Amino acid sequence: MAVIREPAQDSKAPQPPREATGRGSAAGPPATFGQLLRARRQQLGLSLAQLASRVHFDRGHVSKVETGKRPPSVSFAEACDRALNVGDTFTTIATALEAAARQQQGWVRPAQLPAAIHHFIGRRCYSRQLDKVLQGDEQSLAVPVGVINGPPGVGKTALAVQSAHRAINDGHFADGQLFVNLRGPGRRSAAAPFDVLEDLLRALGVPAEHIPATLEQRAATFRSVLHGREILLVLDNAADVQQILPLMPGSSGCAVLVTSRSRLPGLISLVGAVTLTLPELTRPEAALLIRSIIGDARADTDPAAVEVLADRCGDLPLALALAAEHIVSHRHHSAGTLATDLKPEHARLDLAAGDVVLRQALDASYQALDKQTARMFRLLGLLPRYAINAAAAAATAGVDEEDASRMLRTLASAHLIRHHGERHYQVNDLLRAYAARLARQLDAAPERTEAMSRAAAFYLR
Ligand SMILES: Nc1ncnc2c1ncn2[C@@H]1O[C@H](COP(=O)(O)OP(=O)(O)OP(=O)(O)O)[C@@H](O)[C@H]1O
Ligand SMILES: [Mg+2]
């Protein structure tokens, strides 16, 4: 363990007895963190077990820190400061020790978060929940994990990045932030954890020649490098749980934020994640998003048209942002003219700005479906706006009800349809237009007609 000079003492700071440090005078030989800790504990008449229970670390951990066999983490030091009522004495020491260790080991403090977006709108209640996750639970040894899932383009990444920046500004995760695009939802396009771990280890300063050759070893090295550090890991666009698990840190000073178009079934039971499902914006928030991009002057010329435009965009942030950017880049367009252009549902799919096209953003979710479920989704696009259940879907697709029920669950998990009550589902206008366009492209006319007739017969019955 590193030997440190005792920090300046104040009235609250521990006053180790001479025999504990061997210190002859106030300016005597340096004491270690462990020696100071033991001295203060003994001064208060606490046993190892009593201190362990106050700081919520196990007795063995406290003993190893006291004897210098284990370096103190900053979170351990914070707990000691609180438990022993010594201001920030131990935190100061542990922070210095960590800084020294970092320098010695060529520790790199990664700062990979992308910039937060300029005008972030709404999401207060979701932000509060994520703040709580990122603040962590002092009593828990588990790594806090927050998952944001929701439909394509609903603002999952924007919310994760916003929350991460807020936590950092509040002084959390002093050892850095890691951000990875996991390229979900399709399994084929998704980043392999093996490669992701290589990038992460490099970002943490591990030289290429020390990066192990197997997935398990890489994952173990990643956890080792993170041990004792306070790092925030943002896993954006996760495909599934298998992709995420090898990337999980092991130490509770770290935290993880995951975004995914999938509900990631299984993650809650495996890592105890706090899961938020992000809906579209409220109508006033959607109108505000358009206003924040096109500016007050243009919005004020026809506020009602801004609301209609928000409605035509289904209050979906991606569609809203693309629509607003379209207005900004076409001087003669207004919210009113664009809202009129977008009256036909299929026209909304072609909203685009730069190289982002709304339809293509949806493709990734569709392409991740198995063949049968993809066909079911296309056929659902041909139905009117009714709520559908497994029986209706089975009739439309000409499959048995059990299969239909499984496919509906898959579609709901991918946020391509949504629950409407316990047994019913609904497809929103944008996704229905998207599914219908695919059906017209991929399913022959007779097959579409038959599906519609089966659906009509079902509803008549
Ligand atoms: N709360 C918000 N306020 C303002 N703009 C937002 C907000 N949420 C999202 N946006 C904008 O909407 C667009 C889509 O957001 P984002 O990329 O976060 O969606 P996503 O759900 O992560 O999409 P994907 O499913 O493709 O990963 C971006 O241009 C983003 O800036
Ligand atoms: Mg995203």
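Source: prediction; values computed, not measured. Both counts, for ligands and for their atoms, begin at 1 and track the order of listing.
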Q) Measuring to the Mg ion (ligand 2), does T157 have an N/O/S atom at a distance below 2.8 Å? A) yes

Q | Smallest separation among heavy atoms of Q112 and L178, with atom names | A | OE1-CA, 3.5 Å

**Q.** Pi-cation contact, Y434 with R359 (under 6.0 Å, within 45°)
**A.** no

Q. H165 side chain to P114 main-chain N or O, any donor-acceptor pair under 3.5 Å?
A. yes

Q.
Walk me through whether I327 and T337 qualify under side chain to side chain contact (heavy atoms under 4.5 Å, CB included).
A. CA-CA 9 Å; I327 296 173; T337 52; over 6 Å; no

Q) Is E447 salt-bridged to R378, going by a charged N under 4.0 Å from an acidic O? A) no

Q | Contact with ligand 1 for G150, non-hydrogen, under 4.0 angstrom | A | no

Q: Tell me which protein heavy atom sits closest to atom 26 (O) of ligand 1, plus the residue, atom name and distance to 0.1 Å.
A: R261 NH2, 2.8 Å

Q. What residue and heavy atom of the protein are closest to atom 23 (O) of ligand 1, and at what distance?
A. G153 N, 3.1 Å

Q) If you measure every N/O of G155 against every N/O of ligand 1, is any gap under 3.5 Å? A) yes

Q: Look at atom 18 (O) of ligand 1 and say which protein heavy atom is nearest, naming residue and atom and giving the distance to 0.1 Å.
A: A158 N, 2.8 Å

Q) Quick one: nearest non-hydrogen protein atom to atom 27 (O) of ligand 1, plus distance? A) N237 OD1, 3.9 Å

Q) Out of L316, N149, L278, L318, whose heavy atom sits nearest atom 13 (C) of ligand 1? A) L318

Q | Salt bridge D236-K156, side-chain N to carboxylate O under 4.0 Å | A | no

**Q.** Min heavy-atom dist A361 to ligand 1 below 4.0 Å
**A.** no

Q: Examine L289 against ligand 1 and note whether any of their N/O atoms are separated by less than 3.5 Å.
A: no

Q. Between R283 and E307, is the closest basic N to carboxylate O distance under 4.0 Å?
A. no

**Q.** Distance-minimising heavy-atom pair for Q177 and I168
**A.** CG-CD1, 3.1 Å

Q | Heavy-atom protein neighbour under 4.0 angstrom from atom 4 (C) of ligand 1 | A | yes

Q.
Suppose we measure from atom 17 (O) of ligand 1 to each protein heavy atom; which comes out shortest, and what is that distance?
A. T157 CB, 4.2 Å

Q) CZ/R291 to CG/D296 distance, rounded to the nearest 0.5 angstrom? A) 5.0 Å

Q. Between T214 and F194, what is the shortest heavy-atom contact and its length?
A. C-CE1, 3.9 Å

Q: Just jot down the ligand 1 atoms closer than 4.0 angstrom to any heavy atom of H119, in number order.
A: 3 (N), 4 (C)

Q: Could you tell me the residue and atom name of the protein heavy atom closest to atom 10 (N) of ligand 1, and the distance to it rounded to 0.1 Å?
A: P317 CB, 3.7 Å

Q: Considering heavy atoms of the protein only, find what lies nearest to atom 1 (N) of ligand 1 and give residue, atom and distance to 0.1 Å.
A: I121 O, 2.9 Å

Q: Provide the number and element of each atom of ligand 1 under 4.0 Å from a heavy atom of P152.
A: 25 (O)

Q) Is there a heavy atom of T259 sitting under 4.0 angstrom from any atom of ligand 1? A) no

Q: Compute the shortest N/O to N/O distance between A321 and ligand 1 and return yes if it is under 3.5 Å, no if not.
A: no

**Q.** Heavy-atom nearest neighbour in the protein, as seen from atom 21 (O) of ligand 1, with distance rounded to 0.1 Å
**A.** K156 NZ, 2.7 Å

(Q) Regarding R437 and D350, does a basic nitrogen lie under 4.0 Å from an acidic carboxylate oxygen? (A) yes

**Q.** ligand 1 contact on I117 by region, counting heavy-atom pairs under 4.0 Å
**A.** side chain

Q. So with a 6.0 Å cut-off around NE2 of H118, is the heavy-atom count from everything else above 12?
A. no

